[in-house]
Structures are given as structure tokens and as C-alpha cells.
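See below for the structure under consideration.
Values reported hereafter were calculated over all heavy atoms of this structure, with side chains retained and with hydrogens, waters and symmetry mates removed. Given the structure is predicted, the values throughout are model-derived calculations rather than measurements. Numbered from 1 within each chain, the chains take letters A, B, ... in sequence-line order.
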Amino acid sequence: MNALRNPIHRAWLALLVATGITWYLGEVGAAGTSAIVAMLLIAFVKGRLVILDFMELRGAPRLWRFLLEGWMLLVSVLILLAYALSLR
Amino acid sequence: MTTATLSSPTPPKRLPGDLAIWFFILAELLAFAVFFAAYAFARASHVEEFNLYQQTLDRNAGALNTLLLITGSWFVARSVQAAHRDHSAAIARNLWLGWLCGAGFLVVKGFEYAAKFGAGISLSTNTFYMFYISLTFFHFMHVLLGMVILTILWVQARKGVYGSHEANGLESGAAYWHMVDLLWIVLFPLVYVMR
């Protein structure tokens with residue numbers, strides 16, 4: 001359990017589990033608004049883990065942290081918007 | 001007589017690697033953002049076509065490739081940590097393991113492409129496949145470049161270039177490799193699963 005003190009080990013485990021959830025949602029044929037929102041949320045959380053723990057931007061100047069996290073948010077919102085259009 | 005209790009100073013904020021690599025990463029991310037948005041908005045006017053042909057994609061291969069890139073990224077992050085702790089042998093070893101994950105990704109993707117091209121699918125088959133092939137191939141090329149970068153870092157690491165005194169080049173290359181992972185984290189659910 002000591003290994004879990006290392007943020008990159010924690011991030012790796014969380015990323016594996018999150019990928020499993022997305023794969024499972026695909027297997028059970030999840031579709032529609034709630035499935036899309038869930039998958040985007042999972043992708044957003046995964047992206048943040050990569051940005052903050054793997055890229056080590058948690059301790060970086062705020063500007064760079066916000067630029068990368070902002071990219072993740074922008075992409076998620078654009079995809080959500082496009083899917084909302086398709087559901088109308 | 002003043003006994004000031006100093007709270008442990010927070011380490012100074014620091015951007016890993018060279019500033020230039022982060023500008024490059026931003027440019028790449030923006031290009032992919034446009035690509036992702038183009039896919040999503042094109043889908044909005046071809047929902048039935050996209051939903052139908054998305055079913056033909058190999059979701060297991062896509063998920064396996066996600067695991068490979070995540071694990072590859074993890075190894076490279078471990079390599080950077082090893083450099084900061086001066087564990088010289090672990091720097092090169094983790095780079096090599098990260099490279100292997102990248103190679104695994106390319107093999108899986110190769111089988112996926114072979115199945116699709118073998119079935120006669122091409123860029124001009126329909127809008128969905130045009131996006132599927134161009135998006136994943138654009139990303140494929142980035143994995144390839146990432147592996148070239150990891151090879152260079154590995155050679156340098158074997159020469160003993162990196163350690164707590166010097167990790168800039170290693171951190172810059174690692175940041176690029178994590179970007180390749182980050183892109184796939186969006187690409188996989190978007191193209192393979194979301195419907």
C-alpha cells in the first residue's frame with residue numbers, strides 16, 4: 001500500500017479502472033444523454049490525471065495548468081454540444 | 001526572541017521540461033481539438049450513419065490500446081521520477097518499457113487497420129470511416145514520433161546524461177509522450193463508444 005503514496009501509481013490505477021468502465025459501457029450498449037455525459041466525465045477525469053500527475057503540471061505555474069486543463073474542458077464542452085445537437 | 005514558526009516552504013512552481021515543448025504540445029492539442037469537434041459536429045448531421053458504422057469498430061482493441069498508452073505513460077513518468085532520485089538504471093529501463101507499450105499499440109492498431117482495409121474500407125467509403133481512418137492515423141503518426149523520441153531519450157539515458165542535475169530533455173520528451181496518451185483518452189470514447 002506504500003506504493004499508493006506515489007501520485008503516479010495512484011493515477012495509473014485510476015486510469016485503468018476508468019478505462020474499464022468506459023469499455024463496459026460500450027459492452028452493454030449504453031447510449032443517449034446519460035451515457036454520453038458519463039463517458040465525457042470519465043474522459044475529463046482521466047485527462048486531468050494525465051495532465052496533473054503524469055505531465056506533473058500540478059506544481060507548474062498556474063497559467064500552464066489552466067491552459068491544459070482548459071483544453072480538456074473545451075474539448076469536452078464542444079463534444080457535449082455536438083451530441084446535444086444530435087439528440088434534438 | 002522572536003521564535004517564528006516557519007511553515008514548511010512550498011516548493012517553487014516549476015514547469016517540467018523546456019518551455020518550447022509546451023508551446024508545441026499546445027499547438028498539437030489545438031489541432032486535435034478542431035479534429036475532435038469536426039467529428040462530433042459531422043456526426044450531428046449523420047447520426048444514423050455514425051451509429052451504424054461505429055458498431056463495426058473493434059472496441060476491445062480500442063480499450064486494450066488505451067491500457068497500453070496509459071501504462072506506457074506511467075512507465076515514462078516513472079523514468080522521470082527515477083531521474084530526480086538518481087536511480088540511473090531505472091531511467092533507461094522505464095523508457096524501454098514505455099517504448100514497448102507504444103510498440104504494442106502500433107501492433108494492435110495494425111491488426112485493426114488490416115481488418116478494415118481487408119474488408120475494402122477506405123477513406124472514401126463514407127463520412128464515418130473518413131473520420132475514423134484519418135483521426136486514428138493522425139494519432140498513429142504521433143505514437144510513432146513519440147517512440148522515436150523515447151528511443152533518443154533511451155540512448156541519452158544509457159550514456160548517463162539524466163539525473164537530478166539534468167532532466168530537462170527527459171521531461172520534455174516525456175511531456176510529448178503523455179500528450180499522445182491524453183489525445184487517445186478523448187479519441188477512444190469519442191470514436192469507439194459514444195453514441
Side-chain angles (χ1 to χ4, degrees), chain A residues 6-9 11-16 18-20 22-27 29-32 35-36 38-40 42-51 53-65 67-68 71-72 74-88, chain B residues 10-17 19 22 25-26 29-30 32-34 36-47 50-51 54-55 59-60 62-64 66-67 69-71 73-78 80-81 171 174-175 177-179 181-183 185-190 192-195:
Chain A
N6 190 334
I8 66 172
H9 297 346
W12 178 64
L13 268 183
L15 287 164
L16 293 186
T19 303
T22 301
W23 172 83
Y24 177 77
L25 288 173
E27 283 307 290
I36 287 161
M39 287 175 210
L40 277 176
I42 293 169
F44 183 79
V45 170
K46 289 170 82 177
R48 273 195 88 220
L49 285 172
V50 170
I51 291 166
D53 292 322
F54 284 177
M55 288 179 163
E56 291 188 310
L57 290 190
R58 203 182 286 279
R62 230 175 240 156
L63 169 71
W64 283 98
R65 199 181 142 164
L67 279 174
L68 277 268
W71 176 85
M72 196 62 222
L74 173 76
V75 166
S76 307
V77 168
L78 284 174
I79 295 172
L80 189 64
L81 197 68
Y83 273 74
L85 279 177
S86 78
L87 286 171
R88 275 198 315 177
Chain B
T10 45
K13 297 223 177 261
R14 180 183 157 269
L15 184 68
L19 183 62
W22 292 100
I25 286 173
L26 266 191
L29 287 178
L30 286 177
F32 269 96
V34 171
F36 292 151
Y39 171 94
F41 283 97
R43 180 188 174 278
S45 45
H46 300 81
V47 178
F50 275 53
N51 281 352
Q54 185 186 59
Q55 303 270 47
R59 249 190 339 264
N60 293 336
L64 174 62
T66 311
L67 298 181
L69 285 190
I70 284 168
T71 306
S73 231
W74 177 58
F75 281 127
V76 171
R78 295 181 70 171
V80 172
Q81 280 194 346
E171 286 174 341
W177 187 245
H178 299 316
M179 177 202 75
D181 182 19
L182 179 61
L183 291 170
I185 281 173
V186 178
L187 206 163
F188 168 61
L190 178 64
Y192 288 73
V193 197
M194 283 174 59
R195 50 194 297 108

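Of the residues considered (B/Val47, B/Thr71, B/Asp181, B/Ile25), B/Thr71 shows the highest number of contacts with chain A, using heavy-atom pairs under 4.5 Å. Counting heavy-atom pairs under 4.5 Å between each of A/Ser76, A/Gly32, A/Ala60 and chain B puts A/Ala60 at the top. Interface remark: of the candidates A/Thr19, A/Val75, A/Leu78, A/Thr19 forms the most heavy-atom pairs closer than 4.5 Å to chain B. Of the listed residues (A/Met72, A/Arg62, A/His9), the one with the most heavy-atom contacts under 4.5 Å to chain B is A/His9. Counting heavy-atom pairs closer than 4.5 Å to chain A, the top residue among B/Gly17, B/Ser73, B/Pro189 is B/Ser73. In terms of heavy-atom pairs under 4.5 angstrom with chain A, the leader among B/Asn51, B/Leu15, B/Leu29 is B/Leu29. Your options are A/Leu85, A/Leu87, A/Ile79, and the one with the most heavy-atom pairs under 4.5 Å with chain B is A/Ile79.
Contact record, A/Val50 with B/His178: CG1-O, 3.7 Å, taken as the closest heavy-atom pair. Here the closest non-hydrogen pair linking A/Gly47 and B/Ile185 is N-CG2, 4.0 Å. Of all heavy-atom pairs between B/Val193 and A/Thr22, the closest is CG1-O, 3.8 Å. In terms of heavy atoms, B/Leu26 sits closest to A/Trp64 at CD1-CZ3, 3.8 Å.
Looking at B/Phe50, neither its backbone nor its side chain comes within 4.5 Å of chain A, counting heavy atoms on both sides. Looking at A/Asn6, the atoms closer than 4.5 Å to chain B (heavy atoms on both sides) all sit in the side chain, from C-beta outward. Contact of A/Ala30 with chain B is made through the backbone alone, with heavy-atom distances under 4.5 Å. Only the side chain of B/Gln81 comes within contact range of chain A, with at least one heavy atom under 4.5 Å from a heavy atom of that chain. For a residue to count as touching a neighbouring chain, one of its non-hydrogen atoms must lie under 4.5 Å from one of that chain's; by this rule B/Val80 touches chain A with the side chain only. Looking at A/Leu49, neither its backbone nor its side chain comes within 4.5 Å of chain B, counting heavy atoms on both sides. Looking at A/Leu57, the atoms closer than 4.5 Å to chain B (heavy atoms on both sides) all sit in the side chain, from C-beta outward. When heavy atoms are compared at a cutoff of 4.5 Å, B/Ala175 approaches chain A solely by way of its backbone atoms N, CA, C and O. Within the 4.5 angstrom heavy-atom criterion, no atom of B/Tyr192 approaches chain A.
Side-chain contact between A/Met55 and B/Trp22: present, with at least one pair of heavy atoms (C-beta onward) separated by less than 4.5 Å.
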